[in-house]
K.L.:
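If you scroll down you'll find the structure; I have some questions about it.
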2 protein chains.
Amino acid sequence: MARKKLDEIRPEQGDDAAARRTPMREFSRSLPMSLLRAREAVMRQFRPSLRNHGLTEQQWRILRALTAVDEIEVTELARVAFLLGPSLSRILRDLEGRALIERKAAENDARRAVVSISAKGLKLIEAVAPTSEVIYAAITRRYGARKLAELQEMLGALEASLAGMGSAGDAEAEADE
Amino acid sequence: MARKKLDEIRPEQGDDAAARRTPMREFSRSLPMSLLRAREAVMRQFRPSLRNHGLTEQQWRILRALTAVDEIEVTELARVAFLLGPSLSRILRDLEGRALIERKAAENDARRAVVSISAKGLKLIEAVAPTSEVIYAAITRRYGARKLAELQEMLGALEASLAGMGSAGDAEAEADE
DNA sequence: GGAAATCACTTAACATGTTAATCATCTCCC
DNA sequence: GGGAGATGATTAACATGTTAAGTGATTTCC
């Protein structure tokens with residue numbers, strides 16, 4: 001049930017004019033590309049503001065996540081901020097160096113680290129948040145609040161649909177299920 | 001017209017139990033996070049197969065784009081594969097080293113470079129494509145073809161909505177319009 | 001027709017994504 | 001209570017994202 005054949009992917013090879021007229025139509029419509037472009041269109045709105053405050057997108061995600069809790073373990077923070085462990089480790093080192101967060105060992109388990117936002121970090125968040133809210137409101141107004149809610153629901157459903165789909169690379173996998 | 005106040009973002013600070021019970025609900029529902037998670041859920045399906053063939057996601061995007069045209073200039077390739085110039089430069093260097101693509105100077109303009117996929121590159125594509133199509137088909141089946149088309153249309157509309165929204169960082173911008 | 005501005009591409013520098021390996025703890029179980 | 005295995009976090013190594021600077025080649029325009 002292949003969606004299309006390679007012959008369709010590369011039509012009219014050798015015909016320069018025709019190939020130049022329709023560059024990558026099917027490819028541009030793939031789901032990963034659609035998601036990538038949509039996200040980039042959104043983030044392009046936020047990045048300049050964050051940059052003005054010396055924050056990257058991921059650093060902002062972490063600080064933003066920390067404002068919602070009193071303290072949180074690193075693994076749990078990675079989950080809610082949707083970052084991989086190694087990325088989070090590096091960013092936490094940087095944020096700790098800038099005194100935007102604080103870190104301490106967990107009480108009952110020396111392996112676990114507990115992170116919290118500092119007063120300085122909270123102050124920074126409070127400086128950035130108003131602009132972010134204005135941008136978010138502008139996006140909502142342009143796209144439509146109802147449509148935005150519907151989109152987010154469909155995105156969530158997509159995530160849920162794929163939740164139990166175990167990769168199945170090429171010849172490996174399904175060896176332990 | 002701020003969507004919410006900081007007080008709402010960080011409710012019940014100091015109440016560990018409550019904070020732990022609802023970790024970052026609002027934050028997880030932000031549009032950028034929804035798009036990021038959805039895309040990751042999709043790509044997680046494809047990455048193992050690509051990896052088995054020694055390709056990263058971006059390398060695959062480039063080769064995939066090249067199969068649709070006879071040859072293409074670097075800037076146009078960056079546009080269709082949705083990569084920034086510097087990333088593309090590095091990847092092309094690597095792909096050329098692996099003899100998966102070929103590069104030559106444009107006829108009328110020595111600044112421009114023209115790229116095309118090699119026979120070896122085409123062979124690789126033909127080896128990967130079947131698995132990718134199977135995965136894509138599985139995603140379509142799980143999520144629903146109609147729903148998938150609707151989602152892509154909404155993503156395109158979001159992109160279009162934000163097309164003419166000129167950043168407006170904090171205090172700069174709108175200086176040259 | 002030549003200096004200045006522009007353009008296409010590349011390099012540089014730093015931050016993150018991604019997988020594998022390492023390190024220190026902790027748990028389990030004998 | 002001690003060793004094998006599991007777990008939480010970090011480090012390593014490589015690839016890409018992101019912005020700025022650099023390098024030739026080309027166009028503009030006086």
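FYI, side chains are in, hydrogens and waters are out, and symmetry mates aren't considered; it's all heavy atoms of this structure. Keep in mind the model is a prediction, meaning the values are calculated, not measured. Per chain, numbering begins at 1; letters A, B, ... match sequence-line order.
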K.L.:
State which residues pass side chain to side chain contact (heavy atoms under 4.5 Å, CB included) with Ser118(A); sequence neighbours excluded, sorted by chain then number.
P.N.:
Glu102(A), Lys120(A)
K.L.:
According to side chain to side chain contact (heavy atoms under 4.5 Å, CB included), who are the partners of Gln59(A), at least two apart in sequence or on a separate chain?
P.N.:
Leu55(A), Thr56(A), Ile91(A), Asp94(A), Leu95(A), Arg98(A)
K.L.:
Considering residues at least two apart in sequence or located in another chain, which fulfil the salt bridge (charged side-chain N to carboxylate O under 4.0 Å, His left out) criterion with Arg112(B)?
P.N.:
Glu73(B), Asp109(B)
K.L.:
For Glu96(B), what residues pass the side chain to side chain contact (heavy atoms under 4.5 Å, CB included) criterion, not counting sequence neighbours?
P.N.:
Ile101(B), Arg103(B)
K.L.:
Test of understanding: with salt bridge (charged side-chain N to carboxylate O under 4.0 Å, His left out), list the residues that count as partners of Arg90(A), not counting sequence neighbours.
P.N.:
none
K.L.:
In whole angstrom, what separates Lys104(B)'s NZ from dA8(C)'s C1'?
P.N.:
17 Å
K.L.:
Without decimals, in angstroms, what is the distance between Glu73(B) CD and dC7(C) C1'?
P.N.:
12 Å
K.L.:
Sequence neighbours left out, what passes side-chain hydrogen bond (donor to acceptor under 3.5 Å, both in side chains) with Glu40(B)? Give chain and number order.
P.N.:
Arg47(B)
K.L.:
Residues two or more places apart in sequence or in another chain: which of them pass side chain to side chain contact (heavy atoms under 4.5 Å, CB included) with Ala149(B)?
P.N.:
none
K.L.:
Do Leu66(A) and Val114(A) belong to the same hydrophobic cluster, where Ile, Leu, Val, Met, Phe, Trp and Tyr are linked whenever their side-chain heavy atoms lie under 4.5 Å apart, directly or via other members?
P.N.:
no
K.L.:
Shorter than 3.5 Å, N or O on both sides, protein versus nucleotides 24-28 of chain D: list them out with atom names.
P.N.:
residue	atom	partner	partner atom	Å
dT26(D)	OP1	Ala110(B)	N	3.0

K.L.:
Nearest-Å distance, CG (Leu92(A)) to P (dT10(D))?
P.N.:
7 Å
K.L.:
Encode nucleotides 11-17 of chain C as B, S and - characters from 5' to 3', where the letter depends on protein heavy atoms closer than 4.0 Å: B to the base, S only to sugar-phosphate, - to neither.
P.N.:
BBB-SBB
